[in-house]
Every structure is written in structure tokens, then in C-alpha cells.
Amino acid sequence: MAVARQLRQNPRELAMQVINALSGNELIARAEVAGPGFINIFLNDDMLAAKASACLSDPGALIVPSQHPQTIVVDYSSPNLAKEMHVGHLRGTIIGDSIVRILEALGHCVLRQNHVGDWGTQFGMLIAHMNSLSSDNRAFSNNLADLEGFYRAAKQRFDAEPGFADQARAYVVKLQQGDADCLTAWQRFIEESLQHCEEVYNLLSVGLKRNDLRAESFYNKDLPTIVHDLFDKGLLTESDGAQCVFLDEFKGKDGSPLPVIIQKSDGGYLYASTDLAAIRYRSDNLGADRVLYVVDARQSLHFQQVFAVARAAGFVRENCKLEHIAYGTMMGEDGKPFKTRSGDIVKLRELLAEAVSRAQYLVTEKNPDLSDSEKALIASTVGIASVKYSDLSKNRTSDYVFDWSSMLSFEGNTAPYLLYAYARIQSVLRRLEEESIFPGDHIQLQQSEERSLAVKILQFAELVQLLGEDCYPNQLCLYLYELSGLFMKFYEGCPILKSEGQVRTSRLALAKLTAATLKNGLNLLGIEPLQRM
RNA sequence: GCACCCGUAGCUCAGCUGGAUAGAGUACCUGACUACGAAUCAGGUGGUCGCAUGUUCGAAUCAUGCCGGGUGCGCCA
């Protein structure tokens, strides 16, 4: 209808012309004009059935690889190693991981980058606190087991003891100058903190490995060069003793020019400097066609600035796209940034443990006959999948309300719904396998439930392609929920066990294809399906 | 002050490159287990899509203004 207006034609007449042009297309059974000029296209059932059948023998056909594979750098998770990971790290970590899985499935060369915060002022404070304890090695190790408490203790002293604060600042300088003792202490702390992260990554099945670490300290050696090159390009301006880049498009308070501070007045560097070094590394050394920053939306101004400076300075190749994949802030139930009643932050480990224990309770209730080991496997899968799904299923740009009950819910549009659909299919397949009845090679679509289900399955490839561009995993969640819903309707309306002959093998095949699609989609979310639950 | 994001059912959220009667989940009310697995299914109650104006054959969606909330704006990351 939009085209009709441009062409100044009657929309219904134009629709007729389109329909005539479509005639002969074997995919289309019939097409008709509706309302002011809508075209309703009815797909040919035989072609649908043939396409679905073709996927049976080649499950890889469910996802169509990109015709233009790219090298894509994805910067995600990137926790600050000074503290333990908390619920605020959940989004970036699992959204990033899902995006990585989707891009890899599309055949892109994906380079994960875990840009952990391991450098800067707060590490001076931590080293100072460490060194005051390190005379007693055991006490030190015990202290570090609770990273959060360790940080809090150090911070308390930093704020309360002037001598300690001076010591901390001195340690930062020594560290950045490469002092051996400082480096040893620092490395010990980093190692401890990384093990905490890896524990969480393992629990979440997040694919970040040591190889993917590219910490802030990694770019330390490049920072003087960044300053030097910006100076050479004439982009650098001294302002109040700091080295800054001023760009016309950014204005601060009262319309005053807003700087990107590259080097502090005391000679120290900031995160903008590190990010610039990282951009150059990703563009030139990693050869990225696209760099995705999966980072909290509150940093969008920062990234706009850094991207603009990188462009202006030529730190990034023309054909390398830089994108901030922003996600919303986590809020409390009061609509304010999230804190527990006591003002603490919920640790990620605690949240996941709670989820697993609730799932354990439920699985024991639902399926008391399962072995303990199987119950434990189901509980950990269901519990953690629920936490991931409740987060992934929300539009990433929206602010995020943290709520125990919705995050740990197992009913409705939740991970268990999808897992349950999958487990049901496996159950039917097992049953018939015992009678030596196997899915057929050909799917026939006779009832509306079969048809709707097949259409949905065939839309999967297109969706994944779109996800590779937009990076909204919640659309995948919605798809899988609808797919499961259509399967449930099919399951109710089209009995498999009680049918016979070709109808039975066709339905069984359709169920199997549904399972394959579900498994594929769940994998893209970072969720492993269960054979039974 | 400026910029970005957000206001959709009691609650949590989809839908936003304009399209047909605005959708889920949850909560609440009915109904369905001698079972292809009830972590399910079928049905019902529940909406001035923040307000207003505009563009359009047509607006939750686009534009402008207003109201309300969040976030960010020079040496933290």
C-alpha cells in the first residue's frame, strides 16, 4: 500500500497485479486481495511438507550460514576483578554469550574478548590491604575467599585511614611502573578473582576461557602511543592540565565543550585511553569487520565519544563497524537501582545456588522416583536455565527489575516450559522406539496443528539471520516459546501413539523435527535440553 | 540546563523500519489426569497503549509539545 501511494495507483489494483505476477510460484497455493489492499498468501501444503521433510535428513539446514562471513569481535562480561561477580553482571555475560553463539552458528569467525578490569586506582587499595595481611599467609587466603568482604574492608580503611590511602595511591604508581613485588601481589589477587569468575562461567555454561581474556592491563603498554598519535593528528588539547580531545558534537553542562580525557593531569590514564587502544588492537591486530560492545546502556555516551575519537584519529579501519549493544540497568522493586534490603548486592553465585535448590525441591516433588544423580542434573539445568531465560527473554534495552520470584519461577513463559516440551518429545520417541517404530522420512500436513507447527519450524532460519544483525536474544526466546506452544497444541490435537501407519511416522517425524529446532534454539541461548525432567 | 532511554491489563513484560479485532505470562475464576508426562491444556474476568496536537486512507508504532520515571554529562571504571 505504501508502494501504491508512491506509484499513485489504486492499492487493490496493484495488489492484483502482484498476485498475477506471483502465479505459477510453486510455494503458493493461492493469493487473494483483502481489505484496502492487503495480499493474503496461502502456502502450498505439499511444498511446506517437502521443505520440512528435507530438514529431517539434514538438521544443519535449520540454520542457513551467512553468505558473507565476517570476523566479529564481541566484548562481553568484562567484570571488574576488584569485586566478586554479582547479579548486575548477569545480563552482559549471558546476552553476550548468546550473541556469540548465534554469530558462530551463522558461520562468522567470532573472537570473544573479556575486557576485565584489572588495573587502576582500586588495585592500589587492594594491594595495600593484602600486604598488611600477608605476614599471615593463611589468614590472607581465607580473607580472599570472600572477595566482596575483602574489597569492603580495604575500602573502609581507604576512607578512614589517611596513611593507608596514601600507601594505596603509592602502590598504584609502583604497579604501573612495573615494580616486581607489587606485580606479584597484584597477580596473586587477579588469579584468585579470575577463579571466582570462572566458577560462575562454568555454572552458567558461558564459553569464556583464559584465551579470551584481554584485560585492561594488556593495553597498558600502548597508552603512551595513543597519546602520542592523537597529538600528531592535532586532536589533543590541554585543559586544566589534562590531555583531552574535544569534538564538536559533544556538549556538556551549560553547552560547554565536552572533553574525552585521554590523560589525567597527574599523567595517569583513564578508561577512554584503554578503550581507544583496544579499538585499534581489534581493528588492526584482530582484523575485525565488526566489534560489538555488550555493555550497560549507562555507558552509551562514553562509547559514542570513544567511537568518534577512534574514527577521527584513524584508529579503526573504515570498513570496521563499531556497535554498542546496550542493555538496561537492573532496578530494585522500588524502581531504584538495585540493592537488597540490607543494602548489599546479591552475588551471582548465591542467586544460582538458590535457583538450583528451588528446582531440586520441585523435581523431587514431581518426580520422586528418579535417581539422586538424575535429580541433581535436572535441578541444576532447570534452575540455571530459568535464571538465564528470565533475563534473556526481556528486551535488552529495557531497564531490568530484579525480583527473586519472577527470576526463579518455573511456570508459564519460562525455560522449564521449553525444556518440558523437549522432554515430552523425547519421551514419545523412546516409547515408540521400544516398539521399533521410528520417525518417517516424509512429513504430511493434514491437520491445522501440524501445519502451523511446520510453518513455525521453517521460520527458524530467517529469525536466526535477523538475530545476527540486531542482537536481540529475547526474540529467540519468544520464538521458542511460541514453537513450544504450537507443539503442545499439536500434541493435544494430533495423537501420535494412537495413530497408525504413515500418519504416525509423519507425526513422529514432525515431533522429532520440533525437538531438533528446540535444541538448536536452546543452544543459541546457552541452555542444554534434558532427555527427561 | 543539555543528551539518551522508558511510560502498554492489578503485577512482570512482548509488540515500535505505520496496517486488519493491541498480545503473552502471572494473579483471580471455570473446566480437563484409569495419562502419547498436569512443570501441561481448554475457557473466562482484566486495556482512554502517560496526555495533547499533527502527518496519514490507517498511529501503541512517525513528528512536535507537555507530564511522570530512569540514566549520563572533566580528570572512577
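FYI, side chains are in, hydrogens and waters are out, and symmetry mates aren't considered; it's all heavy atoms of this structure. Here the structure is a predicted model, which is why all the values come from computation and not from measurement. The sequence lines fix the lettering, A, B, ..., with proteins before strands; numbering per chain opens at 1.
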* Asked: Contact class for A:Gly117 (heavy atom, under 4.0 Å): base, sugar-phosphate, or nothing?
  -> nothing
* Asked: Under 6.0 Å between the ring centres of A:Phe123 and A:Tyr171?
  -> no
* Distance between P atoms of B:rA14 and B:rU55 (Å, rounded) -> 32 Å
* Would you say A:Lys489 reaches B:rA42's phosphate, i.e. side-chain N/O to OP1/OP2 under 4.0 Å? -> yes
* Are A:Tyr219 and A:Tyr269 close enough that their ring centres sit under 6.0 Å apart? -> no
* To do: Give me the one residue out of A:Asn474, A:Thr517, A:Val464 that meets side-chain contact (heavy atoms from CB on, under 4.5 Å) with A:Tyr479.
  => A:Thr517
* **Short side-chain N/O contact from A:Ser427 to OP1 or OP2 of B:rG37, under 4.0 Å** => yes
* Asked: If you take atom types as modelled and just measure distance, does the side chain of A:Asp275 reach the base of B:rA77 with a donor-acceptor pair under 3.5 Å?
  -> no
* Taking the P atom of each, how far is B:rG74 from B:rG69, in whole Å? -> 23 Å
* To do: Output the single nucleotide from B:rA39, B:rG25, B:rU71 whose closest atom is nearest the side chain of A:Met533.
  => B:rA39
* Asked: Between B:rC6 and A:Asn395, is there an OP1 or OP2 to side-chain N/O distance shorter than 4.0 Å?
  -> no
* Look at all strands and tell whether A:Leu270 reaches a base, only sugar-phosphate, or nothing, counting heavy atoms closer than 4.0 Å. => sugar-phosphate
* **Nearest listed nucleotide, side chain of A:Leu301, among B:rA77, B:rC73, B:rA39** => B:rC73
* Asked: When we call it a touch if two heavy atoms are under 4.0 Å apart, what does A:Ala326 touch: a base, just sugar-phosphate, or nothing?
  -> nothing
* Can you find a side chain N or O atom of A:Ser398 that sits less than 4.0 Å from OP1 or OP2 on B:rA14? -> yes
* Structure fact -> Considering only heavy side-chain atoms of A:Glu492, the closest of B:rC41, B:rA14, B:rA39 is B:rC41
* Distance between P atoms of B:rA59 and B:rU21 (Å, rounded) -> 11 Å
* Looking across every strand, which nucleic acid part, if any, lies under 4.0 Å from A:Val260 by heavy atom: base, sugar-phosphate, or nothing? -> nothing
* To do: Could you check whether A:Phe38 and the base of B:rA20 form a stacked pair, meaning centres closer than 5.5 Å and planes differing by less than 30°?
  => yes
* Asked: Does the side chain of A:Lys394 get closer than 4.0 angstrom to OP1 or OP2 of B:rC13 through an N or O atom?
  -> no
* **Nearest listed nucleotide, side chain of A:Tyr271, among B:rA77, B:rC75, B:rA14** => B:rA77
* To do: From the options B:rG72, B:rA42, B:rG37, select the nucleotide whose nearest atom is closest to the side chain of A:Arg298.
  => B:rG72
* Using a cut-off of 4.0 Å on non-hydrogen atoms, how would the nucleic acid contact of A:Tyr417 be classed: base, sugar-phosphate, or nothing? -> sugar-phosphate
* **salt bridge (Lys or Arg N to Asp or Glu O under 4.0 Å) partners of A:Arg430, counting only residues at least two apart** => none
* Structure fact -> When pairs are called at under 3.5 Å and a stem needs at least three consecutive Watson-Crick or G-U pairs, the stems of RNA chain B are B:1-7 with B:67-73, B:10-13 with B:23-26, B:28-32 with B:40-44, B:50-54 with B:62-66
